[in-house]
Amino acid sequence: MVNADPGRRMPSPAWAARERAMTLDSRFTPGEIEPRLYEGWENAGSFACDPASNATPFTIMIPPPNVTGSLHMGHALTFTIQDTLVRWRRMQGRDALWQPGTDHAGIATQMVVERLLAAEGKDRRDMGREAFLERVWQWKAESGGTITRQLRRLGASLDWPRERFTMDDGLSAAVKETFVKLHSEGLIYRDRRLVNWDPKLQTAISDLEVENREIRGSLWHLRYPIEGEPGQFIIVATTRPETMLGDTAVAVHPDHPVYGALIGKRAILPLVGRSIPIVGDTYADPEKGTGAVKITPAHDFNDFEVGRRHNLPMPSVLDRQAMVTLAEIEDAMTTIPGIADPEFVRSLAGQARFAARAAIVAELERLELLDKIEPHTNQVPHGDRGGVPVEPLLTTQWYCNAGVLAKPAIEAVETGKTVFYPKQWENTFFAWMRDIQPWCISRQLWWGHRIPAWYGPDGTVFVAKDEAGAAAQARVHYGRDEVLVQDEDVLDTWFSSALWPFSTLGWPEQTPEVARYYPGDVLVTGFDIIFFWVARMMMMGLHMMGDVPFRTIYIHGLVRDEKGQKMSKSRGNVIDPLELIDSYGADALRFTICALTGPGRDVKLGAARVQDYRGFVTKLWNAARFCEMNGMRPDAGFDPASVTLPLSRWLLAETNNAIREATAALEAYRFDEYAAAGYRFVWNTFCDWFLEFAKPLFTEGADPAAAAEIRSVGAYVLGQILRLLHPVIPFVTEELWDRFGYGEPCSLIGTAWPSPVAVPGAEQAREELDWVVRLITLVRSVRAEMNVPPSKPSPVLLQGVSAEGLGRVDRWLDAIKRLARASEVSALTGDIPRESAQAGLDDVTIVLPLAGLIDIAVERARLAKERDKLAADAKKTAQKLANADFVSRAPDEVVAENRERLAAAESEIARLQAALMRLG
RNA sequence: GGGCGGUUAGCUCAGCGGUAGAGCGUCUCGUUUACACCGAGAGGGCCGGCGGUUCGAAUCCGUCACCGCCCA
């Protein structure tokens, strides 16, 4: 590119910048410039917030990606939006903080490392807790940089030196502080109740981590003998026959026509031989199954409630691995010939739940206690990580009283302290928050924040930030030092995530950052984690900080493939954003994402779309090359108000318009409209018309003063374009900014967002340019329809043209000739020549004498078609105006508009009619 | 079962009370001071169905159908 003269001295940086700007490469090569520019920004500290500044802060907290994860399309979407907002606000002069960080992702990360260990033939239980955690930290060290590197590739302007990790010391302190406070307030407590137990991961999980899957199974009808009435049975229907070992009742609806009479009697639990009551409970739906249900309080959430209502025992018959355990029913087993056989039941011990199911069903069938099997489809809860059916299990866990914490959060949204975009998501938020259940926060994992609770020898719990604190409490409690054992469990990952908006700022320390950047401005995220994360941040933020964590919640859709299918490994339709960046550049990917991100819509994205929008980036590059070739150079002293040419004034007015559109779109979170406004302005205004109109001025013999003004305006507007588009396509805009020398290298990121400027005579200039544009378009259209080859210019004659029109023609003669392929443009004084084509431009008739080039029949058909179309329109308008109700009730301007439309159509029809007559 | 969203040009989507728009694709023509990742022009739609409100409905209301999510 630039070949430095070997004899020359080493170039100074300023010289190098100027020299670089000499010639833009004919092709834009994102792969070369992106790393250089990103490094430039990062090294210059361009992403850094400034706690000491006077500017209004603008804060976005990154939704922390999994530390060991890698960038997927969903990330690309959410981070592009966030970066666009941050770069825009930063240019507007806000003190922008985009807080980076990653999440330890308890279950997910532990699973990954366990899988690695399994490949080595190891098991974490053999290693012990400490060695295992060491291994996880090692894995984090190895793979933890991937996602942050990838974020850089995307161009994300995060304040990297402030990067946090949910398990680092500061954030761990925040977790402990919060846990201890909530515990002291009674908002965190231990409780023994049913939890969703994931037998694969061997941990409790929260309601949210359970997903229901539709499973085609069976409904087994079992015959339970009525006690004391040989030969009498009550038939219960169940989808889970294996839990029958733990049944402690049979429930029927109190109004059941047949079974209602059995209430108060007892049934004999087959196989086990235990006597269980038949109870009346409205939970039993007379319409479903047989109308009688077996009640297993320890293994079903509904049965648990029934069990509570009727004071039933709640023996567990499945253990933590979902294998049969008999410890809690052993005593009650008796032999009843033909009905119960403890030996058989004992043979089930240690069997997996589905094997036990098969064995139990077979045994019941053998005993003729199986009435029938019906095919049945039902919703089976599965753990969202482990993917196996969840087993409701009676255990003691730590809970957070979400009901209390939810109230202020609901109120904050109701009163508009925090606003959702799009607003409809508020309904989703309210629906869940108003019916929120206690949040199970303990997990039987090793990777995570260990619960800050210690147990004394007698099981007394001491909650404190550290062991010393717990020991002090124990000393008071016991009157002496006792050995304390810390709770083995860790906290749900989302517990620490909930503190993210303030823990990242240094809380519980009273840092300047906490004071300055909390509450944040916008939270950008997908709807899938409104419950997991957004709601919990709202609750914790309000409770711990006394204020909402953010003013606005922008919820975007999901990224899907071109066909609208969810991307998934199993479908094989996953698109890697890094590959798209490699192929088309980060700008192309970012622009595509913005262009396709409508409100409340999923984004269907494939490589083809990114390829399409890469065309826009290339177009901008080429337009800039053209500007450069024609001597457009930034001029710091340029004053937009000083321009005199209509073209300059028109372009500046259009620029104002684009600035207003882009700003309004971003303010409204309309990324699609923002992208569209930039696209239209660059392509359809700047390139298609301004540069084309400017071309004649860059030829020899053109007015040098006019050319100079156009060069200045062009350079100025190109600069405005680079600013306007920088938030979405930061790399190409910064590169052009630097090459042209609009500022120091890597300075566009810190340049002011443009605002409209006063343009004297803008309206007049707009009228003139619009007129010329329409003239050119009409001539082009007629020529194309007449199939006149572009190589054959023709005269353009204007009948009825005013002096003003002639002035315009004179001023734009060269451009009109070029763009409309006109050999001459002049007023027509006499009759319209035979064999001409024509078109109407307001009061002017454009005449193209095309003798020999036009087919009379084609022109006649064209004119007739045009006339008929107008006639149909005119008829509709006339009918409307004939309607007295319309004229009296519609607003005056609408009526006037229709009158004008009718008049215009009629005069155009007359002109077309005359032209047809002339053709004969 | 309850709730939310969607249904507009071949495709992807804007528009959300005043005679239907964009991008891409299609067709025709074309290399003119950047750009064929280009330029010019054209064709293409009873705005899911049915009712209603209104002078006027793609737009508001009701209802149905289909698709997709969420919750039970």
Side-chain angles (χ1 to χ4, degrees), chain A residues 24 26-28 207-208 211-212 302 379 422 424-428 430-432 435 527-528 530-531 557-558 560 562-566 584-585 588 592 595-606 608-609 611-630 670 672-673 675-676 679-680 683-684 687-688 691-692 694-700 776-791 793 817-821 862 872-877 879-891 893-895 897-898 901-902 905:
Chain A
L24 291 175
S26 63
R27 271 182 145 38
F28 173 59
D207 299 345
L208 285 176
E211 57 180 39
N212 287 309
N302 289 311
Q379 299 285 326
Q424 90 230 16
W425 289 111
E426 289 180 2
N427 294 330
T428 307
F430 287 141
W432 189 67
D435 185 35
F527 55 82
D528 47 332
I530 290 179
F531 304 147
L558 237 55
R560 297 170 176 278
E562 298 103 318
K563 295 182 202 123
Q565 291 201 300
K566 222 168 170 172
Y584 308 110
T592 306
L596 300 181
T597 299
R601 274 240 180 218
D602 287 348
V603 176
K604 290 185 199 169
L605 197 144
R609 311 308 307 276
Q611 199 175 340
D612 290 344
Y613 281 111
R614 177 187 54 174
F616 174 66
V617 176
T618 310
K619 184 76 180 177
L620 176 61
W621 181 262
N622 282 313
R625 279 178 63 214
F626 179 81
C627 292
E628 183 197 42
M629 286 173 192
N630 287 287
R670 288 301 302 264
D672 53 342
E673 287 182 354
Y679 189 102
R680 270 197 309 271
W683 207 307
N684 305 123
C687 292
D688 288 350
L691 291 182
E692 294 302 330
K695 279 177 183 174
L697 286 168
F698 300 142
T699 55
E700 263 184 69
I776 292 167
T777 306
L778 280 166
V779 174
R780 280 170 169 174
S781 176
V782 171
R783 287 177 54 98
E785 280 188 62
M786 292 288 95
N787 285 319
V788 182
S791 55
K817 280 173 152 179
R818 263 176 43 79
L819 300 175
R821 313 257 83 202
R862 188 183 72 86
D873 280 357
K875 193 178 161 196
K876 258 163 71 179
T877 312
Q879 272 171 357
K880 212 173 198 180
L881 287 164
N883 182 345
D885 277 335
F886 172 71
V887 177
S888 61
R889 295 194 188 217
E893 62 268 25
V894 174
V895 178
E897 195 190 310
N898 276 275
R901 188 179 292 150
L902 182 59

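Letters A, B, ... mirror the listed sequences (proteins, then strands); counts begin at 1.
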Notebook entry, point to check: In whole Å, what separates the C1' atom of B:rC46 from that of B:rA20?
Noted result: 13 Å
Checklist line | Atom-pair distance (CG on A:Leu881; C1' on B:rG18), nearest Å | finding: 12 Å
Item checked: Between B:rG10 and B:rG1 - C1' atom distance, rounded Å -> 39 Å
Notebook entry, point to check: Could you state the interatomic distance from CG (A:Leu558) to CZ (A:Phe527), rounded to the nearest 0.5 Å?
Noted result: 4.5 Å
Next item on the list: Nearest whole angstrom, please: distance from the P of B:rA36 to the CH2 of A:Trp621.
Entry: 15 Å
Checklist line | Residue A:Lys880, side-chain atoms from C-beta onward, closest of B:rC35, B:rC37, B:rG18 | finding: B:rG18
Next item on the list: Look at the side chain of A:Asp688 and decide which nucleotide, out of B:rA40, B:rC4, B:rA42, has an atom nearest to it.
Entry: B:rA40
Next item on the list: Rounded off to whole Å, could you give me the CD-to-P distance for the A:Glu692 and B:rG39 pair?
Entry: 9 Å
Next item on the list: Measure the acute angle between the ring planes of A:Tyr679 and A:Tyr613, then classify it against the limits of 30° and 60° as parallel, tilted or perpendicular.
Entry: perpendicular
Notebook entry, point to check: Taking the C1' atom of each, how far is B:rG39 from B:rG45, in whole Å?
Noted result: 27 Å
Check: Given the P atoms of B:rG43 and B:rG23, what is the spacing between them in whole Å?
Finding: 15 Å
At a cut-off of 3.5 Å, list every protein nitrogen or oxygen paired with a nitrogen or oxygen from nucleotides 69-72 of chain B, distance to 0.1 Å.
none

Check: Does A:Thr699 make a side-chain N or O approach to OP1 or OP2 of B:rU33 shorter than 4.0 Å?
Finding: no
Note to self: Would you compute the distance between atom OG1 of A:Thr618 and atom CZ of A:Arg625 and round it to the nearest 0.5 angstrom?
What the structure shows: 11.0 Å
Next item on the list: Report the distance from atom CG of A:Asn622 to atom P of B:rU32, rounded to the nearest whole Å.
Entry: 17 Å
Next item on the list: Measure from the side-chain heavy atoms of A:Arg889 and tell me the nearest of B:rA34, B:rC55, B:rG39.
Entry: B:rC55
Notebook entry, point to check: If the P atom of B:rG18 is compared with that of B:rU12, how far apart are they to the nearest Å?
Noted result: 27 Å
Note to self: Please report the distance separating the C1' of B:rA14 from the corresponding atom of B:rU8, rounded so that it comes out in whole Å.
What the structure shows: 10 Å
Note to self: Whole angstroms only, please: what is the CD-P distance between A:Gln424 and B:rG5?
What the structure shows: 5 Å
Margin query: Any base atoms under 4.0 Å from A:Cys627, or only sugar-phosphate, or nothing? Heavy atoms, all strands.
Written below: nothing
Notebook entry, point to check: Between A:Glu426 (CD) and B:rG3 (C1'), how many Å, whole number?
Noted result: 16 Å
Margin query: Heavy atoms only, 4.0 Å cut-off, all strands: where does A:Asp528 land among base, sugar-phosphate and nothing?
Written below: nothing
Next item on the list: For B:rU19 versus B:rG25, give the span between their P atoms, rounded off to a whole number of Å.
Entry: 30 Å
Margin query: Of the options B:rA14, B:rG41, B:rU33, whose atoms approach the side-chain atoms of A:Arg601 most closely?
Written below: B:rA14
Notebook entry, point to check: Just how far, in rounded Å, is C1' of B:rC55 from CZ of A:Phe886?
Noted result: 7 Å
Notebook entry, point to check: On a whole-Å scale, what distance lies between the P atoms belonging to B:rA58 and B:rC47?
Noted result: 7 Å
Check: Okay, side chain of A:Glu692, backbone of A:Leu819: is any donor-acceptor separation there less than 3.5 Å?
Finding: no
Next item on the list: Could you check whether A:Lys604 gets within reach of a base, just the sugar-phosphate, or nothing at all, counting any heavy atom under 4.0 Å?
Entry: sugar-phosphate
Check: Separation of A:Asp672 atom CG from B:rG15 atom C1', in whole Å?
Finding: 11 Å
Checklist line | Consecutive-pair stems (at least three Watson-Crick or G-U pairs, under 3.5 Å) that include RNA chain B | finding: B:1-7 with B:65-71, B:10-13 with B:21-24, B:26-30 with B:38-42, B:48-52 with B:60-64
Between the protein and nucleotides 20-30 of chain B, list every N/O to N/O distance that falls short of 3.5 Å.
from   : atom 1 : to       : atom 2 : distance (Å)
B:rG23 : O3'    : A:Tyr679 : OH     : 3.3

Notebook entry, point to check: Under 4.0 angstrom, heavy atoms only, what part of the nucleic acid is A:Arg862 near: base, sugar-phosphate, or nothing?
Noted result: nothing
Next item on the list: Assign A:Arg780 to base, sugar-phosphate, or nothing according to its heavy-atom contacts below 4.0 angstrom with the strands shown.
Entry: sugar-phosphate
Note to self: Return the NZ to CG distance between A:Lys880 and A:Leu902, rounded to the nearest 0.5 Å.
What the structure shows: 12.0 Å
Next item on the list: Just call it for A:Ala890: base, sugar-phosphate, or nothing, with non-hydrogen atoms closer than 4.0 Å on any strand.
Entry: base
Notebook entry, point to check: Can a side chain N or O of A:Lys619 be found less than 4.0 Å away from OP1 or OP2 on B:rG39?
Noted result: yes
Notebook entry, point to check: CG of A:Leu596 to CZ of A:Arg601: how many Å apart, nearest 0.5 Å?
Noted result: 11.5 Å
Item checked: Side-chain (A:Ser781) to main-chain (A:Thr777) donor-acceptor, under 3.5 angstrom -> no
